[in-house]
Amino acid sequence: MSTGIKKSPSNGSEKILSFEEQQAKINEVKRLIGTLPDKLSIYCSDGSISRHLRARNWNVKKAMKMLKDTLKWRAEYKPEEIRWEEVAREAETGKIYRSNYFDKHGRPVLVMRPSCQNSKSTKGQIRYLVYCMENAILNLPPDQEQMVWMIDFQGFNLSHISVKLTRETAHVLQDHYPERLGLAILYNPPKFFEPFFTMVKPFLEPKTYNKVKFVYSDDVNAKKIMEDLFDIDKLEAAFGGNDTSGFDINKYAERMKEDDKKMPAIWKRGNPALAASEPAPTSAALTLDSIKLDSDSDASDNGKTDSSSSHGIEPEVVSDHDELVVAAGTRNATEDVH
């Protein structure tokens, strides 16, 4: 099957590759990366490399740059080592938490409530966001790689707007967790939020921007939209569901502590959940700075897919439920939980 091009409202032109072509790109990236220290080698599974390639429209050189930046970030930031005790203070108000239900595609759900902000530290807030991302990935089912963000705007006002935090959130999500967001539902955003969202548009890549959906509870189709995505009996009442239990920090803390116990095993070589195919690193492991970024073997790696192309794309206000019933993250080549 030859390479095809399809037009996409989110990123202009998007390559369609056969499984064999995808795998060839993945193998080329693996060859260019070479040998890495243990945790970073585990991170560079076929699934992870595939997500970086898809985020850069299968451009090997651009995907390599993105991957190298992420490897450096993970080596320094150590997101897999963040534990509940470090971020518990940020979590107290329930401003971000992983729900105890999945959508109908099996995607974990991160609930966000900006009006519950309890910290002025951007560093602390991003640290907690990263913890939540790692926890959601830990709880992905075997056949899924993406998650859903549900943003509840109840009680939101102008004092809760932070361009800096929005920019940092977009940076972490897009640059270090590519292709992890399946859908972001902005539930009942106030009218004054829309101009702000337009203002931060340059921070968002086209693919990310197109995954953001505005949903209003007073829209006649809102109930149908949510029913098509979620089990209404499990969905929280704040989003039109029947679950009125609400957020309990003590119960949530226990869940997170139990998940923390599972995290170390995920990052041990030989864990079948990771499906990492890289050989065991040798004592002469390469440094990240030595990773080769140039690839002259891929003549098609000249297309531009940078975030500047997001200009001119408008946020989508959902009124037709068919637009929101998106397919669960399509698996390209070999996928895994990281």
Side-chain angles (χ1 to χ4, degrees), residues 6-11 14 16 51 54 94 96-115 132-133 135-137 139-156 173-174 177-191 193-194 197 204-247 313-332 335 337:
K6 70 176 182 180
K7 288 293 181 181
S8 168
S10 64
N11 64 342
E14 183 177 348
I16 303 175
R51 283 186 290 276
R54 280 150 44 204
I96 308 177
Y97 60 90
R98 181 175 60 81
S99 70
N100 58 5
Y101 56 88
F102 294 75
D103 79 345
K104 290 184 178 180
H105 298 297
R107 296 178 292 194
V109 178
L110 284 185
V111 175
M112 302 181 178
R113 292 195 164 92
S115 65
C132 291
M133 292 293 294
N135 179 267
I137 292 169
N139 286 277
L140 284 167
D143 59 345
Q144 186 53 260
E145 64 173 356
Q146 294 185 322
M147 64 190 73
V148 174
W149 286 12
M150 296 271 282
I151 305 173
D152 179 10
F153 281 87
Q154 177 67 34
F156 186 85
L173 173 67
Q174 295 174 153
Y177 294 95
E179 297 299 310
R180 284 303 193 186
L181 179 65
L183 176 68
I185 295 177
L186 276 57
Y187 198 80
N188 286 336
K191 290 298 181 183
F193 179 78
E194 293 182 17
F197 191 71
L204 303 179
E205 294 182 356
K207 276 189 174 183
T208 303
Y209 197 85
N210 199 52
K211 293 174 182 178
V212 177
K213 311 296 180 184
F214 286 68
V215 177
Y216 298 92
S217 59
D218 59 358
D219 188 288
V220 293
N221 292 312
K223 184 175 178 60
K224 179 63 175 173
I225 289 169
M226 303 310 278
E227 285 178 345
D228 285 340
L229 279 168
F230 302 100
D231 180 337
I232 293 299
D233 288 333
K234 295 180 180 178
L235 183 66
E236 295 163 68
F239 299 110
N242 297 330
D243 183 0
T244 59
S245 58
F247 176 75
I313 300 175
E314 297 303 323
E316 182 175 355
V317 178
V318 177
S319 59
D320 184 344
H321 74 276
D322 289 335
E323 295 178 353
L324 201 53
V325 184
V326 296
T330 304
R331 314 288 280 186
N332 285 283
E335 303 293 349
V337 301

Minimum side-chain heavy-atom gap [X]-[Y] below 4.5 Å:
| X | Y | result |
| --- | --- | --- |
| Gln174 | Leu204 | yes |
| Tyr187 | Ser217 | yes |
| Val111 | Phe247 | no |
| Leu183 | Met147 | no |
| Leu229 | Lys104 | no |
| Val109 | Tyr101 | yes |
| Tyr216 | Pro189 | yes |
| Phe214 | Glu194 | yes |

Report yes or no: does [X] contribute a side-chain atom to a donor-acceptor pair with the main-chain N or O of [Y] at less than 3.5 Å?
| X | Y | answer |
| --- | --- | --- |
| Glu236 | Thr244 | no |
| Gln144 | His105 | yes |
| Asp103 | Gly106 | yes |
| Asn139 | Asn135 | yes |
| Lys211 | Leu181 | yes |
| Lys213 | Asn210 | yes |

Check Arg107 with Glu145, please: is the shortest side-chain N to carboxylate O separation under 4.0 Å?
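Result for this pair is no, no salt bridge flagged.
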Residues Glu227 and Lys234 bridged, charged N to O under 4.0 Å
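No, this pair does not count.
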With rounding to the nearest 0.5 angstrom, report the [atom1] to [atom2] distance, [X] to [Y].
| X | Y | atom1 | atom2 | result |
| --- | --- | --- | --- | --- |
| Asn242 | Leu235 | CG | CG | 8.0 Å |
| Ile151 | Trp149 | CD1 | CH2 | 7.0 Å |
| Ile185 | Phe239 | CD1 | CZ | 8.0 Å |
| Arg180 | Thr208 | CZ | OG1 | 14.0 Å |
| Gln146 | Ile137 | CD | CD1 | 11.0 Å |

What closest approach, in Å, do Ala222 and Val215 show between heavy atoms, and which atom pair accounts for it?
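Heavy atoms of Ala222 and Val215 come nearest at CB-CG1, 4.4 Å.
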Assess the pair Phe153 and Phe193: is the distance between their ring centroids shorter than 6.0 Å?
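Yes.
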For Ser115, enumerate each residue passing the side chain to side chain donor-acceptor pair (under 3.5 Å) test, keeping only those at least two apart in sequence or located in another chain.
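None.
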Applying side chain to side chain contact (heavy atoms under 4.5 Å, CB included), can you list everything that pairs with Gln154, at least two apart in sequence or on another chain?
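Per chain and number, Gln154 pairs via side chain to side chain contact (heavy atoms under 4.5 Å, CB included) with Asp152.
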Between Phe156 and Lys191, is there a cation-pi geometry (under 6.0 Å to ring centre, at most 45° from the normal)?
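No, cation not above the ring by the 6.0 Å, 45° rule.
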